[in-house]
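Inspection log for the structure reproduced underneath, given as structure tokens.
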Number of protein chains: 2
Amino acid sequence: MKPRLRHDVIVRRLRRNGTSTVAALAEEVGASRRTVLRDISVLRDEGFVIHSEPGRGGGLQLDPQSLQTTTRLSVAEVFALLISVASMRAAGNLPFSDLADAGLAKIEKALPSDKVRDLRRFLDCLYVGQLSPQVDISDMGTMDPALLPAFETAFLQRQHLRFQYRDAKGSVTIRTVEPQAMLILPPLWYLVAWDPIRKDFRHFRMDRISRPEYVQDTTFRRRHVPFEDNVRPIQLSPF
Amino acid sequence: MKPRLRHDVIVRRLRRNGTSTVAALAEEVGASRRTVLRDISVLRDEGFVIHSEPGRGGGLQLDPQSLQTTTRLSVAEVFALLISVASMRAAGNLPFSDLADAGLAKIEKALPSDKVRDLRRFLDCLYVGQLSPQVDISDMGTMDPALLPAFETAFLQRQHLRFQYRDAKGSVTIRTVEPQAMLILPPLWYLVAWDPIRKDFRHFRMDRISRPEYVQDTTFRRRHVPFEDNVRPIQLSPF
DNA sequence: TTCTATGGTGACAGAATTTGGCACCATTGC
DNA sequence: GCAATGGTGCCAAATTCTGTCACCATAGAA
């Protein structure tokens with residue numbers, strides 16, 4: 001019997017009976033005690049919460065709480081997690097980022113396919129480059145939490161986006177644009193958008209955007225965005 | 001790379017991109033063409049509907065409707081995700097951490113409550129600040145993966161921690177200390193510990209710690225750790 | 001047509017993993 | 001003290017997995 005199948009049988013058994021012992025499971029799957037113990041250990045690593053009691057009358061028990069799964073995350077939430085983990089990996093914290101990646105993989109695996117498609121379309125709009133050292137980042141602000149949800153709809157439904165923009169001199173204007181891409185020039189984030197009035201692409205620093213909202217019943221086509229040479233689509237680790 | 005992991009990567013790739021080729025997948029998972037073909041065959045047996053087109057311009061395609069799986073995250077994975085989000089939020093240069101938090105809060109609900117308690121106690125020991133620009137980070141190494149499990153036990157059980165430490169000059173010593181806090185000064189991570197011999201707090205760079213182990217049957221009390229002004233506990237989501 | 005890019009199969013040796021057996025430890029209830 | 005239970009380390013044997021190579025089939029491009 002293959003490991004995979006054995007794991008399935010063990011989990012099924014623990015689910016049905018609620019409790020069992022290593023010896024009983026070994027008998028049941030036709031493997032040795034040692035092998036079953038190894039299987040339990042693997043299952044625990046995979047996230048099954050299996051309680052155990054040594055001593056007479058002891059045994060194994062699958063935590064019923066660990067059965068309720070199907071947490072429904074939104075595309076924006078998964079996107080935000082992906083970004084966090086990717087940037088932590090970039091910062092070089094390897095032991096944690098491997099685990100985090102494994103967790104992300106599971107999250108994505110449990111995501112319904114339409115959301116995976118949206119996620120991919122959203123990630124396709126994300127580009128990374130290097131910030132020119134001349135840019136002043138001393139006045140970097142924080143981003144409006146409403147940004148991402150608004151972006152999600154605007155990018156995925158291809159609806160126009162309207163927001164307040166405070167430029168480098170501090171003057172505030174209202175813009176209505178076609179969101180075409182997101183650009184990361186660490187530590188700054190930009191919205192790259194086509195301004196239909198000025199008929200040109202504009203870069204908007206995200207920390208200077210406020211009150212974002214998508215404009216209902218508008219639509220636009222994706223345009224080819226001209227980027228500098230060192231700007232690339234984002235590469236996420238395959239794991 | 002283990003078969004199981006490879007299968008996950010392949011499925012994820014096909015779900016994200018919708019389509020791919022055997023050669024591309026082989027490259028991606030670091031295996032031979034033959035192995036990927038075998039993997040595809042196994043995945044088909046498991047119920048994934050993978051269409052294939054031979055000939056130029058052909059390739060593989062995963063039927064999006066096939067096989068919705070549920071997975072569960074392990075506590076360690078949730079922890080790693082929490083760490084990445086929390087430290088990125090503290091570093092301040094990332095948007096979207098609210099959404100990432102919201103997602104994690106949902107995930108956390110699926111974990112058993114005793115694990116969550118441990119998790120929070122562990123995270124309570126985490127502080128974040130800003131690294132002074134004078135610190136030389138050119139020699140930054142990678143952290144020993146054994147760190148996390150050893151820390152987990154040492155912090156939660158309040159047991160002494162023993163490890164090898166290589167200081168800035170390269171000389172190696174063995175230390176036995178009371179782990180009191182973890183400090184992130186991006187991109188560096190420190191263990192803040194009370195050294196009972198020197199009767200003082202010491203900061204140890206985690207990438208210079210090796211062979212960590214907790215010392216059985218020792219215990220200590222939590223001390224008030226003096227931090228610089230710009231150091232804060234990480235802000236957790238309101239759960 | 002011929003060439004190239006694609007999926008697919010069979011066989012086999014060598015690499016890698018898994019398995020079982022064993023000794024042993026810790027805990028618990030009788 | 002004893003028996004039942006979970007758990008770990010070690011090692012040789014069994015099993016599985018992997019890469020390589022040769023080859024086939026198909027479809028589009030040149």
Side-chain angles (χ1 to χ4, degrees), chain A residues 1-11 13-14 17-46 48-63 66, chain B residues 1-11 13-14 17-46 48-63 66 74-76 112 114-115 146 149-150 152-153 157 159 211 213-218:
Chain A
M1 191 185 267
K2 296 248 183 77
R4 180 76 180 269
L5 179 54
R6 223 170 38 225
H7 293 170
D8 287 350
V9 171
I10 289 174
V11 169
R13 191 38 160 224
L14 287 176
N17 284 19
T19 173
S20 187
T21 70
V22 175
L25 289 173
E27 162 84 10
E28 191 148 2
V29 300
S32 70
R33 198 177 93 91
R34 188 70 182 86
T35 300
V36 171
L37 278 161
R38 271 193 277 247
D39 287 341
I40 300 285
S41 164
V42 169
L43 288 171
R44 281 177 170 150
D45 283 348
E46 283 177 9
F48 289 91
V49 180
I50 300 173
H51 302 291
S52 56
E53 274 297 324
R56 202 153 185 157
L60 300 170
Q61 189 177 11
L62 181 60
D63 188 315
S66 77
Chain B
M1 189 186 269
K2 297 248 182 79
R4 182 75 181 270
L5 178 55
R6 222 170 38 224
H7 293 171
D8 286 350
V9 173
I10 289 173
V11 168
R13 200 45 168 204
L14 288 175
N17 283 13
T19 173
S20 187
T21 70
V22 175
L25 289 173
E27 162 86 9
E28 190 148 7
V29 300
S32 69
R33 201 178 91 91
R34 187 67 181 89
T35 298
V36 171
L37 278 160
R38 273 192 275 246
D39 288 339
I40 300 284
S41 164
V42 170
L43 287 171
R44 280 174 171 153
D45 284 347
E46 285 178 7
F48 289 92
V49 180
I50 300 173
H51 306 289
S52 57
E53 275 294 324
R56 200 155 184 152
L60 300 170
Q61 189 175 10
L62 175 62
D63 188 323
S66 73
S74 73
V75 177
D114 56 331
K115 304 279 182 185
E152 191 182 331
T153 308
Q157 315 288 330
Q159 296 192 339
R211 308 244 297 267
E213 56 184 29
Y214 50 88
V215 185
Q216 294 280 355
D217 300 325
T218 56

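Chain letters run A, B, ... following the sequence lines, proteins first, then strands; residues in each count from 1. Remember, predicted model here, so these are calculated numbers, not experimental data.
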D/dG7 OP1/OP2 closer than 4.0 Å to side-chain N/O of A/Arg44: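 So the side chain of A/Arg44 is within the cut-off, an N or O lying under 4.0 Å from OP1 or OP2 of D/dG7.
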
When you measure from the side-chain N and O atoms of B/Ser52 to the phosphate of C/dG7, is any distance below 4.0 Å, counting only OP1 and OP2? no

Measure the distance from [atom1] on [X] to [atom2] on [N] and round it to the nearest whole Å.
X: B/Glu27; N: C/dT6; atom1: CD; atom2: C1'; result: 17 Å
X: B/Leu37; N: C/dG10; atom1: CG; atom2: C1'; result: 13 Å
X: A/Leu25; N: D/dG7; atom1: CG; atom2: C1'; result: 15 Å
X: B/Arg33; N: C/dA5; atom1: CZ; atom2: P; result: 13 Å
X: B/His7; N: D/dT18; atom1: NE2; atom2: C1'; result: 12 Å
X: B/Asp39; N: C/dG8; atom1: CG; atom2: C1'; result: 14 Å
X: A/Gln61; N: D/dG6; atom1: CD; atom2: C1'; result: 14 Å
X: B/Arg34; N: C/dG7; atom1: CZ; atom2: C1'; result: 11 Å

Could you grab the distance from atom NE2 of B/His51 to atom OG1 of B/Thr19, nearest 0.5 Å is fine? 11.0 Å

Spacing of CG belonging to B/Leu25 relative to CZ belonging to B/Arg13, to within rounding of 0.5 Å: 8.5 Å

Of A/Gly55 and A/Ser41, whose nearest nucleotide on DNA chain D comes first from the 5' end? A/Gly55

Starting from the 5' end of DNA chain D, give me the residue, A/Lys2 or A/Ile50, whose nearest nucleotide shows up first.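 The 5'-side residue here is A/Ile50.
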
Compare the minimum distances between each of [options] and the side chain of [X], then state the nucleotide with the smallest one.
X: B/Thr21; options: D/dG7, D/dG28, C/dG7; result: C/dG7
X: B/Pro3; options: D/dC10, C/dT9, D/dT18; result: D/dT18
X: A/Arg6; options: C/dT9, D/dT18, C/dT19; result: C/dT19
X: B/Pro54; options: D/dT26, C/dT27, C/dT9; result: D/dT26
X: A/Ala31; options: C/dT28, C/dG20, D/dG6; result: C/dG20
X: A/Leu60; options: D/dG7, D/dA4, D/dC21; result: D/dG7
X: B/Thr35; options: D/dG19, D/dG28, D/dA3; result: D/dG19

For a salt bridge (Lys or Arg N to Asp or Glu O under 4.0 Å) with A/Asp39, tell me which candidate from A/Arg4, A/Arg34, A/Arg6 qualifies.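 Filter result, single survivor: A/Arg6.
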
Are B/Arg44 and B/Ser52 side-chain neighbours, meaning at least one heavy-atom pair lies under 4.5 Å?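 Yes, at least one pair of side-chain atoms sits under 4.5 Å.
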
Are the side chains of A/Val42 and A/Arg38 in touch, meaning some heavy atoms are under 4.5 Å apart?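 A side-chain contact under 4.5 Å is absent here.
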
Is there a donor N/O on one and an acceptor N/O on the other, under 3.5 Å, for the side chain of B/Arg56 and the base of C/dG7? no

Answer with yes or no whether A/Arg38 presents, from its side chain, a donor or acceptor under 3.5 Å of a partner atom in the base of C/dG20. yes

Verify, without hydrogens or angle tests, whether A/Arg33 (side chain) and A/Val22 (backbone) share a donor-acceptor contact under 3.5 angstrom. no

